[in-house]
Participant: 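The structure under discussion is supplied below as structure tokens; questions concerning it will follow.
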Amino acid sequence: MMTNNKLMDWPPEKVAAFQHALLDWYDHHARTLPWRQDHDPYHVMVSELMLQQTQVQTVIPYYNRFMAQFPTVEALAAAPEATVLKAWEGLGYYSRARRLQQAAKQIVNDYGGKWPQTAAELQTLAGIGPYTAGAIASISFGEVVPAIDGNAFRVFARLFKVDADIARPQTRKVFDDLIRPLMPKERPGDFNQAVMDLGSSYMSASHPDPAHSPVRAFDASFRDGVVQDYPVKTKKPRPVIHRYFALVIRSKAGYLLEQRPGKGMLADLWMFPLIDMAELEATMESEQLDEISARFADLSGMTLTFADLGRPQVQHTFTHQRWQLTLIGADAAAAELKFMPARWVPVEDFGKMALPTVQKKLNRALGLTEPG
DNA sequence: TATCCGTGGAA
DNA sequence: TTTCCAAGGAT
């Protein structure tokens, strides 16, 4: 149990030995990844934004497509936002896509295309916090600054038996103070990336193998047989259940897709209109349809004729919300919509819109298939 | 500071 | 089925 304030109590020769063990292992066993072909800050920025809370194997195909479509920071800055969002479809945390493009615009417009080169300056860019700033600054510009992500938390919590709860925001400083004196003045970017590779292999969360780790001689939790006790992390609450009616409204021009608000869940993506069941006052099923019709008329100026779809159910779980959707069919004239940001979309054009995974589940439940 | 913001894989 | 996790940031 570490109770002293100063966690990093290694002598200089031990620090040097640790750096050598880590970097020597990295030199021989670094993962080959698409964004590691060079140290171009644009490549690092795009990959790091995609990798936030997202696994490497998921990101790889998105990164390759993104680079083919937006090869330079200028190309990304000039692209229509809908195009960027479509490229992000299925990757989740969609605000990352908008902020990435916002950051590209900042670099092109505010910095005249000349990249800010320190972590402090990089943090002024949209979507770039302390971790991502540290990654870009160290990898692309050689600044000696840590990149503290989940891997770094796990690796150093185990090496030093850190008892601070990594779920608490203030714990970041504990690790920052711990890691900085461990970093080599040369190759800070390789140091940070080696920690990431270590954290996803020998020191992973699910299948750690500290006995064969290149830094096992420096691993206090392995030495004491308490690897599974680290890192200390409090649990998250269960997802809250939300029930909605999903309106499947057909016209000669296609299905009605609504663009969701610019803030909140699935911001700016396209879905069937949802009616929150908790906001309906009806107590009988027959009255429910009347109230849905009335509420929707207020939103759209449109009169619905309900069609029996058998009310199929679709469930989708997010990190902190569980949606239970009941599909309600309706026919309508392909009228101009009054207040809703919505479009009539033929099934063959669904692929042009940025659709969240839950909408794709709805499509499947209805037997609606996109081309290709 | 605590909460919000997605998804797919693993056990 | 349930739970947790995986290269976080904004508010």
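Sequence lines set the chain letters: A, B, ... in the order given, protein chains first and strands last, and positions in each chain run from 1. What's counted below: heavy atoms across the whole structure, side chains too, no hydrogens, waters or symmetry copies.
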Participant: Base, sugar-phosphate, or nothing for A:Trp88, non-hydrogen atoms under 4.0 angstrom?
Facilitator: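 Touches nothing.
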Participant: Between A:Gln55 and A:Ala126, just flag the one whose closest nucleotide in DNA chain C comes earlier from the 5' side.
Facilitator: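 Closer to the 5' end of DNA chain C: A:Gln55.
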Participant: Flag the pair A:Glu279 and A:Arg295 as a salt bridge only when some basic side-chain nitrogen lies within less than 4.0 angstrom of an acidic carboxylate oxygen.
Facilitator: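 Yes, this pair counts.
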Participant: Between A:Pro169 and A:Leu269, name the one whose nearest nucleotide on DNA chain B is closer to the 5' end.
Facilitator: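 The residue mapped nearer the 5' terminus is A:Pro169.
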Participant: Check every strand shown and say whether A:Ile139 touches a base, only sugar-phosphate, or nothing at a heavy-atom separation below 4.0 Å.
Facilitator: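 The residue A:Ile139 makes no contact with any strand.
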Participant: Please classify the nucleic acid contact of A:Leu49 as base, sugar-phosphate, or nothing, using heavy-atom distances under 4.0 Å.
Facilitator: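 The answer is nothing, as A:Leu49 stays clear of every strand by at least 4.0 Å.
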Participant: Which nucleotide, C:dG9, C:dA7, B:dT7, lies nearest any side-chain atom of A:Gln52?
Facilitator: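 It is C:dG9.
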Participant: Between C:dA7 and A:Arg31, counting only base atoms on the nucleotide and side-chain atoms on the residue, is there a donor-acceptor pair under 3.5 Å?
Facilitator: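 Such a pair exists between side chain and base.
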Participant: Can you tell me, in whole Å, how much space there is between the P of C:dT11 and that of B:dG6?
Facilitator: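 That atom pair is separated by 14 Å.
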Participant: Send over the distance from A:Leu122 CG to C:dA7 P, rounded to a whole Å.
Facilitator: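 One finds 22 Å between P of C:dA7 and CG of A:Leu122, rounded.
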Participant: Check A:Glu89 with A:Lys360, please: is the shortest side-chain N to carboxylate O separation under 4.0 Å?
Facilitator: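 Yes, charged N to carboxylate O under 4.0 Å.
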Participant: Without decimals, in angstroms, what is the distance between A:Phe318 CZ and C:dA6 P?
Facilitator: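 Value for this atom pair: 22 Å.
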Participant: Checking all strands, does A:Gln321 fall into the base, sugar-phosphate, or nothing category for heavy-atom contacts under 4.0 angstrom?
Facilitator: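 The answer is sugar-phosphate, as A:Gln321 gets under 4.0 Å only of primed atoms, P, OP1 or OP2.
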Participant: When you measure only distances, ignoring hydrogens and angles, does the side chain of A:Thr58 come within 3.5 Å of the base of B:dG8 through a donor and an acceptor?
Facilitator: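 Answer is no: no donor-acceptor pair is held.
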Participant: Over how many whole Å does the gap from A:Gln106 atom CD to C:dA10 atom C1' extend?
Facilitator: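 Atom CD in A:Gln106 sits about 14 Å away from atom C1' in C:dA10.
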Participant: For B:dA10 and A:His207 - does any side-chain N or O of the residue sit under 4.0 Å from the phosphate oxygens OP1/OP2?
Facilitator: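 So the side chain of A:His207 is outside the cut-off, no N or O lying under 4.0 Å from OP1 or OP2 of B:dA10.
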Participant: Between C:dT2 and A:Thr317, is there an OP1 or OP2 to side-chain N/O distance shorter than 4.0 Å?
Facilitator: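 Negative; the distance criterion is not met.
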Participant: To the side chain of A:His316, which of C:dG9, C:dA10, B:dT7 is closest?
Facilitator: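 Between C:dG9, C:dA10, B:dT7, the one nearest the side chain of A:His316 would be B:dT7.
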Participant: OP1 or OP2 of B:dC5 versus the side-chain N and O atoms of A:His320: is any pair under 4.0 Å?
Facilitator: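 It does, given that an N or O in the side chain of A:His320 lies less than 4.0 Å from OP1 or OP2 of B:dC5.
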Participant: Counting neighbours of CZ on A:Arg168 that are heavy atoms of other residues, nucleotides or ligands and sit closer than 6.0 Å, is the number greater than 12?
Facilitator: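 Result for CZ/A:Arg168: open.
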Participant: Taking only the side-chain heavy atoms of A:Ala205 (C-beta and beyond), determine which of C:dC5, C:dG9, B:dC5 contains the nearest atom.
Facilitator: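 Output: C:dC5.
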Participant: Thinking salt bridges, do A:Asp177 and A:Arg172 make one under a 4.0 Å N-O criterion?
Facilitator: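 No, A:Asp177 and A:Arg172 are not salt-bridged.
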Participant: Provide the distance between the two P atoms, one in B:dT3 and one in C:dA7, to the nearest whole Å.
Facilitator: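 Between the two P atoms, the distance is 23 Å.
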Participant: Taking only the side-chain heavy atoms of A:Lys233 (C-beta and beyond), determine which of C:dA10, C:dC5, C:dG8 contains the nearest atom.
Facilitator: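 For A:Lys233, the side-chain atoms sit closest to C:dC5.
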Participant: Taking the P atom in each of B:dC5 and C:dA6, what is the distance between them to the nearest angstrom?
Facilitator: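 It works out to 22 Å between them.
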Participant: Taking only side-chain nitrogens and oxygens of A:Gln170, does any of them come within less than 4.0 Å of OP1 or OP2 of B:dT1?
Facilitator: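 So the side chain of A:Gln170 is within the cut-off, an N or O lying under 4.0 Å from OP1 or OP2 of B:dT1.
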Participant: Could A:Asp224 and A:Lys161 be called an ion pair, given the rule that one side-chain N must be under 4.0 Å from one carboxylate O?
Facilitator: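 Looking at A:Lys161 together with A:Asp224, the answer is yes, because their closest N to O distance falls below 4.0 Å.
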Participant: In whole Å, I'd like the distance from the OH atom of A:Tyr63 to the C1' atom of B:dT7.
Facilitator: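 Distance, rounded to whole Å: 21 Å.
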Participant: Figure out the CG/C1' separation between A:Leu266 and B:dG6, and round it to whole Å.
Facilitator: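 About 7 Å, once rounded to whole Å.
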Participant: Could you please name the option among C:dT2, B:dG6, B:dG8 that lies closest to any side-chain atom of A:Arg322?
Facilitator: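 Taking heavy atoms from C-beta onward, the closest nucleotide is C:dT2.
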Participant: Using a 6.0 Å cut-off, check whether atom NE2 of A:His20 has over 12 heavy atoms from anything other than its own residue.
Facilitator: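 Incorrect, the count does not exceed 12.
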Participant: Reckon A:Val59 touches a base, only the sugar-phosphate, or nothing at all at heavy-atom distances under 4.0 Å?
Facilitator: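 It contacts nothing in the nucleic acid.
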Participant: Return the value, rounded to whole Å, for the distance between atom CG of A:Leu91 and atom C1' of B:dG8.
Facilitator: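 That distance rounds to 11 Å.
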Participant: Decide ring pair (Phe, Tyr, Trp, His ring centres under 6.0 Å) for A:Phe18 and A:Trp10; before the verdict, give the C-alpha distance in whole Å, the side-chain angles of both, and the deciding distance to 0.1 Å.
Facilitator: CA-CA 10 Å; A:Phe18 171 74; A:Trp10 292 355; 5.3 Å; yes
Participant: Strictly below 4.0 Å: does A:Arg172 bring a side-chain N or O up to OP1 or OP2 of C:dG8?
Facilitator: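 For C:dG8, neither OP1 nor OP2 has a side-chain N or O of A:Arg172 closer than 4.0 Å.
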Participant: Under 4.0 Å between a side-chain N or O of A:Thr54 and OP1 or OP2 of C:dA6?
Facilitator: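 For C:dA6, neither OP1 nor OP2 has a side-chain N or O of A:Thr54 closer than 4.0 Å.
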Participant: To the nearest 0.5 Å, what is the distance between CD (A:Glu48) and NE2 (A:His43)?
Facilitator: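 Atom-to-atom, A:Glu48:CD and A:His43:NE2 are 13.5 Å apart.
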Participant: Between A:Arg154 and C:dA7, is there a side-chain N or O to OP1/OP2 distance below 4.0 Å?
Facilitator: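 Checking C:dA7 against A:Arg154, a side-chain N or O does come within under 4.0 Å of OP1 or OP2.
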Participant: Let me know the distance between NZ of A:Lys173 and P of B:dT1, rounded to the nearest Å.
Facilitator: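 For the pair A:Lys173 NZ and B:dT1 P, the rounded distance is 13 Å.
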Participant: Please tell me which of A:Gln315 and A:Ser47 maps to the more 5' nucleotide of DNA chain C, matching each residue to the nucleotide holding its nearest heavy atom.
Facilitator: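 With A:Gln315 and A:Ser47 compared, the 5'-side residue is A:Gln315.
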Participant: Are OP1 or OP2 of B:dT7 and a side-chain N or O of A:Tyr94 less than 4.0 angstrom apart?
Facilitator: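 For B:dT7, OP1/OP2 do have a side-chain N/O of A:Tyr94 under 4.0 Å.
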Participant: Tell me what A:Arg99 touches on the nucleic acid: a base, only sugar-phosphate, or nothing, going by heavy atoms under 4.0 Å.
Facilitator: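 Sugar-phosphate contact only - A:Arg99 comes under 4.0 Å of backbone atoms but never of a base.
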Participant: Checking contacts here: which listed nucleotide (B:dC5, C:dA10, C:dA7) is nearest the side-chain heavy atoms of A:Tyr93?
Facilitator: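 Within the option list, the nearest is B:dC5.
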Participant: Do any side-chain nitrogens or oxygens of A:Gln53 fall under 4.0 Å of OP1 or OP2 in B:dC5?
Facilitator: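 Looking at the OP1 and OP2 atoms of B:dC5, neither is under 4.0 Å from any side-chain N or O of A:Gln53.
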